[in-house]
Structure formats: structure tokens, C-alpha cells
Amino acid sequence: MHGTELKGWGFLSPTLVVLGFVGIFPFVYVLYLSLFYYNIFSLRGIVYVGINNFRKLMNDPKFMSALSKGLLFVVVTCGVEITLGLAIALLLSKKFVGRGVLRTIMTLPLAMAPVAIGSMWIVITRPAVGPVSYWLGKLGISYDISESALQAFFTTVIMDVWHWTPFVILAFLAGLTSLPREPMEAARVDGAGPWQTFRHVIFPLMRPILVTIVFIRIMDTFRIYDEVWALTSGGPGTATKYVSIHLVRLVLARQEYGYGASMSVFLLYLTIVMCWVLMNLITRVKKEVYAE
Amino acid sequence: MGRKIVVLFVAVAVLCMAIPAYATTDEWWKKAGAPYKGITLKGIGQSTPPSEVVRDVIAPEFEKLTGIKIDFEVQPWGVQYEKVIRDMDTGAGIYDFAYIEQDAIYAFLQKDWLVDMTKIWQEHPELTDPDLDLADFTKFIEYYKDPATGHIYGLPFEAFLKMYVYRTDLFEDPEIMRAFKSEYGWDLRPAIDWEEYEQIAKFFTEWGKKKGIELYGHTAQAKTGYQALPYEMVESIWPPWGIYNWGINLNNWRTSVKNGGNLNGDLAKEAFRWYIDMLQYAPPGVKTYTWDEEAASLAAGIVAQGFTYCEFLGGLLANPEKSKIAGKFAVTMPPSSPQSMNEAVRGLGYLGYYDGASYSILHAAKNPLPAALFIQFIVRKDFAVEYARRASRVVRKSTFASPMLKELDQQQGGYFTAFQKYEFLFAGAAPLPMHLVIIDIYMDWISKAVAGEVSPDDALDSLAEEIDSTMIEMGY
């Protein structure tokens, strides 16, 4: 090995050591745990069960229900956040009075801790006394997230949209700012209107950025816990018990370390598959854009 | 004049006797704590009124006396257990002492996570409060003894009953009494069975509507997805219906009827259906109520009757600054069936929950000896009455004899009299070492039924099946 290579590895080694401790070792340990029955209050101790935890997972109706609820939450939330985020970013990319102030105000929810957001929404939505339920009640609309599963689901969606749309806006704004000016000016010279410019010039150029933002938001919403747990505790019943909440309760409340580990591994696998699909999409989009 | 001199003499004599006694006690704590001066004890409690007294009053006083610093955190139910279990499982030794609720003691003893306090007292007489007087503790201390050795693994610092609280101003209102009698044909008084309770609940809810006031006939800790809900069922609803020990057959650890349990038996299902049906008479939002909000709804004056943990009486319900019903409520036995009453009197069952907790020393504690000293300071005799005033908890028999307690008894709706009279009809949780695991399963199915996702009968059938399979999986 050349001296320069050694020097390079030397510079890399602290990062590799940290990565090994915080990334690789926990992953290997979780993978190892997933092969055992391990509940700290069990009389059986730690028992090797091979892939039985994964077999159990595939036949676990509670897990499947939580997974489907989690995926539905991801689809609805990401759909709203991306659409709204792009629209507001386009609006904020124009020059108008008060744009700076509006941008600052819109980013404020991002600075708040998720559990604080959940607690705040408890106050807002408290049946009969919270401002939302009170004013909707005045309009003759019954709103009670402790009774209605649908209202509870959409309230968690709105809460997440309120919290994270500013991030999407900022990311789109950064993308819009970095777009080359020439294609847009060429389109204007050719007589294209605002919608045509957006549809045929801006949107294709923004697609790689769009896919990246979608990717980040899918990962985030898939593992949501704090806000929803604080607001609904997964209720009413199990209406908002998304897969991340199901997993945390299984490990922290029931002390099911082995089964919980297998669930984590499966969710990681699912995430990797989604990443793979998205990465392929990004690559294809990039190729298309550069081909154009 | 002569009489005045005698009175003055007696007063001075009493004062002279009292001052040295108190001073000696203070001196003893100072001396016992001296070797540990400057160290920091780390402890964790649950967010209950008695634990808040430990944090706000007892710990600062102990620090001032001994110079031992107390770093004490108070956490909600689930968080507190998760932190302690993690500490014990990893052996990190973060906490020296922890709040151990009666229903969790069996899990901690099975895992050998607690320090034998009897052994500490035997080996370190210099750290044993001369006035500890174990015989003075109520029967609640028995839950903290190892049945095999009789050794103690925690000193109970809170113990209280979950009882039936009703509004005397409403129950004794002549207009209400007349209206009730004309509707139901019997004189309004606290219910003695479930049918009466339901009639009263219905009456007051309708009365509130009729009069245009916010008033309901019932309250509950019915937040779905939270442990307060299953605890209400297993502690307060099923026992007076005759379903004990969470419906578990303690001989074979099974719950389903087919396996010898009674969790999905007719009686358990009937009680569960009744519980869900009664929520219609509770305030809107009752399905967001935990134990705290249930007590708060009573204090807010919007509920005519309900069941509450009586630790909330002193600091909340009887406190005029926080409660609209201070001086307007009374405490009595929850309703029951003749059969369950008969079984409870004969010691074959129980009618309600005798709740409480100890502070215990954790096995990985870095400072077990000063922790033992602090725990004794929490339950010391000379603070017991004041503690009862602040948090309605009694763990010492001698506390009942105090004249101040009689005064408190009036303020707290006759609770202490009821406590002494009915204590024998109440019991702590069954010895279930796996209880922290299975309560979450109870919560799932009970929540589903309360939310209307499944019927109460189906929920209990599924619950019994899942508990049985979990017990088998855990080796029971």
C-alpha cells in the first residue's frame, strides 16, 4: 500500500470507527437478536428460534394492520405535503412585499420538538373545549378525535403536514433557485405561458429534486412516533396505531426484544426496497433530463 | 388566675417534652447521614401526589439536614417503568432508589432487582431509624415482603383505596331528591349495586341537560391506547362483579374459560358491556381521560359521582383553590353484587383496589446505604400526618389516631374513616410477575372494544386467547 493510501485510510479511520459503533454494530446486534425469543420477564430466558420470528410476523394480524395503517399515513401525508410544498415554493419564488417575513413564519414549526407539537395539538383538539372542536361544534360539525377513527387519522395527517410542509417548501425553494435560467427564458421567448413553462420546463428540471424530497419524507413519515403518540396514543382503539408506534410499544412496553428486532429488520428491508425503487426512478429521471 | 397559670404550666411542659424529642430526631438524621455528606442520590418516582411531596418537600428537607443531595425525577407511569427496567436490565446503575408500585413488585422480585432492606437494617443498625417501627405499618407492607423469608424489599410510602366519590350538595338537594324519587321510586343515596349506579348516572346526565348546566352522572379513565383504561377494568370494575386477579386462574396461569380462567366468562363480558355502556353518561372527551383527568373532572364539578384513586382527595378534590367540590363530596364503598360482597367479607375475593407503592433500592444502585436512609426519612412517623394532609396517603396505623387526621377526614369526605372501616375488603394486585407485559395486551383489546372496533364479547374472547398464548410463550 502506498504512503498516500495509508494516509487516506488514516484520515478515514475515525469516521469508520464511529460508523462501526453507531451503525454497523447495532445493525448486526439487531439482526442477531431477531433470531431469538427474548422477553426479559419470560421464564424461558433467551431461546434461539431461527427465522420463526419472521414467520410469526407474516401471520401477525396486529402487525399487518399497523403496517397498512402506517403505509396509508405515508401515502396521504406525503401526497399532501409534496403538492402543497411545491405550490407554496413556486409562490414564494416570486418577488412580493413581505416574502421574507412569510418565509420566516412558515419555517417556525420546524424548530419545534415533535412531542411539543403533539402536546400542542392535544390542547387544540380537546373534545368540547379545544378551539377546533369548539368552533366546529358552533358550525354544527361534531369533531371528537377520541371517538371518530377517521377524524383522528386526518388530524394526525394535518398535524404532520403543518409540521413538515415548511421543510418541503424550503427544499423546493432551494431547488428552484438552483435551476438554470436559460431554458425558462428560451420558453418565454418562444411564447410559452406560466403554466406551459412550469409543465414543460420547470417540472422536468425539478423531477430529481422532487424524487429526493419524496424519498426523505417517506422515510420520515414511516417512522413517525412522538407527535402521534402524544396526541392519540394510537387511538381511538388502534385507528392511529401506525407501524412505528406498534414497534415501540412492543419493545418498550412488552419487552419483546427478539420479536421487536425481527420487526425492525423487516421494516428496514421494506425501507431498502422503497429506496431501491426510488433510486432507480432518480437514475431514470436523470438520464431522461440529460437526454433532453 | 390560678387556672391560667395551670394551663400555662401544662403548655410549657408539653412544649419542653416535644422540643427535645424533635431535636433528638433531627440530630439522629444528621449523624446517620454524616458519612455520606456531599454525595448525590439519584431517584425516580411516578407522577403521583405523594411522589410530588417527596420531590417538593421531603427531599429538600433531607438535603438540608444531612448534606446528601437528592437528584429526584418524577415521570409518568409508562416512562418511569421503562427507565427503571432499562437501568436494571443493562445494570447501568443510574438510579439508587425507585418507585415500585405494588403490582410491579412481583416482577422485580422475580428478576432479583431489589435490595433486601431487612438485611441492611440488620447489618447497619447505625442507619436504622430508631423510630422505624415496622409493626406500625398498615397491612400494605405485607406486599413488599418476600413470602419465604419475610424480609422487606421496599417501604410503602403511599397507600390508598380507589373509592366511590359522590357530590353531597347534589345528593342532598331537596329538589333533586324529589325529582329522583318521582322518577325511580327510591330515595336518592349512594348506589349499592350497579343498577342503582346506572340509574343515578342517567338521572344526573338528564338533569344537567334539563337545567342547561354542564353536569354528568359518571366519569371514567377511558383513554384508549393508554394503560389507565385496562387498569380501571381489572382493578375497579371486574372485582366488584366477582372477577378477581384479572380473570387469570393463578393455579395454571390461564385466562380463557376453556382453560380454567374467567376472563371471557359471561360475568366478565356482562361487566365489560356495562362499563362501555356507562360511558354515555360521562363528559364528552371521556375517552381522552387517564386517571388524572378522571379526578380532574370530579374536581371541575361537572360530575355527580365516580370512582377515583383517593390520593387525589387531599391535593385536588378537597383543595378549594383547585376544586369546585371542596367540602361538597363524600367517599364510600363502590357498588357491588351480593355475591362479591359475600366473597370479600369471607376473604375469598375483594371489592376494590388497594393501591400504593414503595421506594425500594435497586440492585445496581451505587449508593444503597444512604438510599436506605432516605427511604426511611420519607416514611418517618413525625411527617406521616402532614403527608396524609398533602396527599391523602396513610401507611402507618398510628396516623389514624392523630386528632389532625380526624379534621382531615371531614375535609376529605370521610375518606379516612371509610379507609379504616373497609380496608379489609380491598386488595392490591394479584401476584403476576409478568404483569407489565400482559397489561399492554389487555390495553389493546379493551381499547378496541371501547372504540367500537370490535364488540366487547369478541374483544374478551380474543384477549383471553392472546393472554393464554403469551403465557405459554413466556413459560407459564
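Each chain gets a letter, A, B and so on, in the order the sequences are listed, and its residues count up from 1. All values below come from the heavy atoms of this structure, side chains included, with hydrogens, waters and symmetry mates left out. Note that the coordinates shown come from a computational prediction; the quantities given were computed from them, not determined experimentally.
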Practice problem: Measure centre to centre between the rings of B/Tyr144 and B/Tyr153, then say whether the value is under 6.0 Å. | Solution: no
For the rings on A/Tyr38 and A/Tyr259, is their centre-to-centre separation under 6.0 Å?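 Judged by ring-centre distance (under 6.0 Å), A/Tyr38 and A/Tyr259 do not meet the cut-off.
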Which class fits the ring pair [X] and [Y]: parallel under 30°, tilted 30 to 60°, perpendicular over 60°?
X: B/Tyr81; Y: B/Phe108; result: tilted
X: B/Tyr231; Y: B/Trp77; result: perpendicular
X: A/Phe266; Y: A/Tyr269; result: tilted

Give, as side chain, backbone, both or neither, the part of [X] having an atom under 4.5 angstrom from any heavy atom of chain A.
X: B/Ile438; result: neither
X: B/Glu473; result: both
X: B/Lys448; result: both

Positions in residues 41-49 of chain A that reach chain B, provided some heavy atom is under 4.5 Å away
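A/Phe41, A/Ser42, A/Leu43, A/Arg44, listed by number.
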If one checks every heavy atom of A/Arg249 against chain B at 4.5 Å, the contacting part turns out to be both
Applying a strict 4.5 Å limit to non-hydrogen atoms, the region of A/Ser133 in contact with chain B is neither
ask   = Do A/Ser65 and A/Lys241 have side-chain atoms, one donor and one acceptor, less than 3.5 Å apart?
value = no
(Q) Under a 3.5 Å threshold, yes or no: a donor from one side chain and an acceptor from the other, between B/Glu232 and B/Tyr275? (A)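 B/Tyr275 and B/Glu232 do have a side-chain donor-acceptor pair below 3.5 Å.
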Interface check, chain B: of A/Gly130, A/Ser233, A/Pro127, most non-hydrogen pairs under 4.5 Å belong to A/Ser233
Answer yes or no: is there an ion pair linking [X] with [Y], defined by an N-O contact shorter than 4.0 Å?
X: A/Arg254; Y: B/Glu466; answer: yes
X: B/Glu293; Y: B/Lys287; answer: no
X: A/Arg217; Y: A/Asp160; answer: yes

> Given the options B/Ile85, B/Asp444, B/Asp440, which has more heavy-atom pairs under 4.5 Å with chain A than any of the others?
Replying inline: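 Looking at each option in turn, the highest pair count goes to B/Asp440.
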Residue from B/Ala222, B/Ala107, B/Gly452, B/Gly78 scoring the most non-hydrogen pairs under 4.5 Å with chain A is B/Ala107
